[in-house]
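Below: one structure, written as structure tokens.
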Amino acid sequence: MLILLVKGISSLLLTLVIGLLLWQRTRVEQLLTTKKTPWITLFFVVFRLLPFLGVYVVMGFEPQSDVQCFYPIVSSATRMEVPYVGAYNAYSPFFGYLLALPLALYDNIRVIVLTLLLLETATVWLTQRIYLPQLSRGERLFRCLIYYLLPVSFVFAVFSGQEDILVWGAALAGVWLWQTRQNAFLGGVALGIGLLLTKATFVLLMIPLFLLTRRKVSFVAGAALVGLPVLVWLYFTTGMLFLEQPLFEGDKLKAPNWRSVLNPILVGNVSLNGNIGKWITLAMLLIIIVGITFWVRKREALTGYFPMLYIAIFAAMSVLQQNSITVYAFAFMLPLVFCLTNL
């Protein structure tokens with residue numbers, strides 16, 4: 001009960017601070033233009049590191065939510081065990097290895113949360129370096145500051161140790177590398193690595209990118225170069241576990257989403273429960289992805305409309321997937337605030 005109270009008070013205070021900053025926006029942006037100050041590092045220390053120390057060191061709370069699920073995955077990776085065999089894994093094969101080094105140095109679940117906070121800050125830095133170059137340094141940093149103060153990003157990042165923003169970071173890095181080098185093969189390689197390091201939902205981002213690129217063979221070849229050897233290795237070491245475990249997560253009924261809202265009506269209809277329902281919603285999601293893809297295909301360069309694709313996909317997942325939870329809002333909050341919000 002205490003943690004809920006802390007979250008509620010934190011969210012209220014952060015909302016008030018955001019209102020104050022928007023009121024004094026001009027002055028704040030002028031302050032942020034100071035080039036000698038490492039503002040993003042300062043944002044991380046004040047709005048992530050200090051709350052982390054307060055919650056987990058001073059108050060002694062234990063991380064909850066998804067971090068409890070992937071702690072065994074990361075712990076297994078520190079022992080160099082085969083993915084999906086050493087521990088149940090609903091994520092991509094090398095997700096555990098992405099977070100393994102810090103945990104190997106100090107075996108405590110709080111270390112995973114701190115690592116994710118550092119990776120979140122790296123993603124914020126990359127986002128503000130790529131997008132809205134026409135804005136001043138102060139205007140771009142102001143958007144970063146608002147993101148750090150949003151209750152949804154603060155609560156999910158600090159209290160829950162969520163990893164979903166890594167999908168945006170990995171995808172953005174891959175698309176940016178692809179577009180700056182004008183090399184679809186390299187883009188396929190980068191995005192293939194992103195898929196192997198994050199989670200299975202990453203593949204939903206690769207579908208519109210495949211449909212939009214004119215160099216489809218090069219893109220697929222790049223992704224296959226890193227993906228096929230891993231696929232063969234996983235098949236011979238895990239059997240079908242690398243497919244079964246992530247797909248099993250789709251059978252679970254969670255909330256809030258369309259399935260939970262309609263539960264009083266659907267509860268007696270076995271055909272729409274469990275593993276059948278996930279395929280129905282997946283088909284609906286694919287239709288939306290294809291529709292959004294053809295809507296943006298005649299617009300600006302890929303890097304420009306990629307945030308729209310990303311947000312549309314994760315927003316649709318939040319509503320349609322029967323195992324989706326509110327954390328998907330955290331997954332697209334950074335591109336929404338930075339790229340599509342008229343602050």
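Since the model is a prediction, treat every value here as computed from it, not as a measurement. By convention here, the first residue in the shown sequence is residue 1.
Residues V337 and W23 do not share a hydrophobic cluster, defined by chaining ILVMFWY side chains whose heavy atoms lie under 4.5 Å apart. In the hydrophobic cluster analysis, where Ile, Leu, Val, Met, Phe, Trp and Tyr join through side-chain heavy atoms closer than 4.5 angstrom, V46 is grouped apart from V58. Hydrophobic clustering (side-chain heavy atoms under 4.5 Å, transitive across Ile, Leu, Val, Met, Phe, Trp, Tyr) keeps I287 apart from V319. Cluster membership for F52 and L105, using ILVMFWY side-chain heavy atoms within less than 4.5 angstrom, is not shared. The cluster map of Ile, Leu, Val, Met, Phe, Trp and Tyr, joined by side-chain heavy atoms under 4.5 Å apart, puts V175 and V203 in the same cluster.
Taking all atoms of both residues into account, the shortest heavy-atom contact from Y310 to A331 is OH-O, 2.9 Å. The shortest heavy-atom contact between R181 and L186 is CG-CD2, 3.8 Å. Scanning all heavy atoms of the two residues, the minimum distance from Y88 to I73 falls at O-CG1, 3.4 Å. The two residues V226 and L196 make their nearest non-hydrogen contact at O-CD1, 3.7 Å. Nearest heavy atom pair, residue V111 against residue L103, reads CG1-N, 4.0 Å. A171 approaches L191 most closely through the heavy-atom pair O-CD2, 3.8 Å.
By the 4.5 Å heavy-atom criterion applied to side chains, L204 and I207 are counted as neighbours. Between V230 and P93, some side-chain heavy-atom pair lies under the 4.5 Å cut-off. At least one side-chain heavy atom of F314 sits less than 4.5 Å from a side-chain heavy atom of V167. Side-chain contact check for L32 versus R140: every heavy-atom pair is 4.5 Å or farther apart. Between T238 and V82, the closest side-chain pair of non-hydrogen atoms falls below 4.5 Å. Residues P208 and I292 fail the side-chain proximity criterion, which asks for heavy atoms closer than 4.5 Å. Annotation: side chain of Q162 is in contact with side chain of D66 (closest heavy-atom distance under 4.5 Å). A heavy-atom distance below 4.5 Å is not found between the side chains of D164 and F332.
Within 6.0 Å of CZ on R79 lie more than 12 heavy atoms contributed by other residues, nucleotides or ligands.
Checking side-chain atoms of E29 against main-chain N and O of G138 turns up no donor-acceptor pair under 3.5 Å. With hydrogens and angles ignored, the 3.5 Å screen pairs a side-chain donor or acceptor of Q182 with a backbone N or O of Q179. Looking at S160, its side chain never comes within 3.5 Å of a backbone N or O of A157 through a donor-acceptor pair. In terms of modelled atom types and a separation under 3.5 Å, the side chain of T78 and the main chain of A104 share no donor-acceptor contact. Put simply, the side chain of S76 never gets that close to the backbone of P72: no donor and acceptor are under 3.5 Å apart.
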Would you give me the side-chain donor-acceptor pairs under 3.5 Å for residues 3-22, sequence neighbours excluded?
residue, atom, partner, partner atom, Å
S10, OG, V6, O, 2.7
S11, OG, K7, O, 2.9
T15, OG1, S11, O, 2.8

Distance-only check: which donor-acceptor pairs under 3.5 Å involve side-chain atoms of residues 211-224, not counting sequence neighbours?
residue, atom, partner, partner atom, Å
T213, OG1, R215, N, 3.1
K216, NZ, L211, O, 3.3
K216, NZ, T213, O, 2.8

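With ring centers used as reference points, F142 lies 6.0 Å or more from W39.
Within the structure, the side-chain hydrogen bond (donor to acceptor under 3.5 Å, both in side chains) test picks out the following pairs touching residues 46-56 (sequence neighbours left out): R48-E120.
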>> Before you tell me yes or no, could you show the steps for F44 and L118 under side-chain contact (heavy atoms from CB on, under 4.5 Å), namely the whole-Å CA-CA distance, both residues' side-chain angles and the distance that decides it to 0.1 Å?
In response: CA-CA 8 Å; F44 165 76; L118 289 168; 3.4 Å; yes
> Stepwise, does the side-chain contact (heavy atoms from CB on, under 4.5 Å) test hold for Y91 with E163?
Replying inline: CA-CA 11 Å; Y91 297 86; E163 82 293 345; 3.2 Å; yes
>> side-chain contact (heavy atoms from CB on, under 4.5 Å), that's the test. Do F47 and Y147 meet it? Break it down for me.
In response: CA-CA 10 Å; F47 302 117; Y147 166 77; over 6 Å; no
> Yes or no on side-chain contact (heavy atoms from CB on, under 4.5 Å) for L119 and L99, after CA distance, side-chain angles and deciding distance?
Replying inline: CA-CA 10 Å; L119 291 173; L99 305 173; 3.8 Å; yes
> Could you go step by step and tell me if W168 and F330 meet the ring-ring contact (aromatic ring centres under 6.0 Å, His included) rule?
Replying inline: CA-CA 10 Å; W168 165 252; F330 176 54; over 10 Å; no
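A ring pair (Phe, Tyr, Trp, His ring centres under 6.0 Å) with F95 is found for one member of F70, F242, F202, Y84 and no other, namely F70.
Separation of atoms CD1 (I112) and CG (D107) is listed at 8.5 Å; rounding is to 0.5 Å. Taking CZ from R25 and CD from E139, the interatomic distance works out to 6.0 Å, rounded to the nearest 0.5 Å. Rounding to the nearest 0.5 Å gives a distance of 10.5 Å between CD1 of I40 and CG of L145. Considering OG of S153 and CD1 of I146, their distance stands at 10.0 Å, rounded to 0.5 Å. In this structure, the separation between OG1 on T293 and CD1 on I289 is 7.0 Å, given to the nearest 0.5 Å. Note: L241 CG to F248 CZ = 12.5 Å, rounded to the nearest 0.5 Å.
Comment: E62 engages R110 in a salt bridge, judged by a side-chain N to carboxylate O separation of less than 4.0 angstrom.
Side-chain N/O atoms of T121 and Y148 include a donor and acceptor closer than 3.5 Å.
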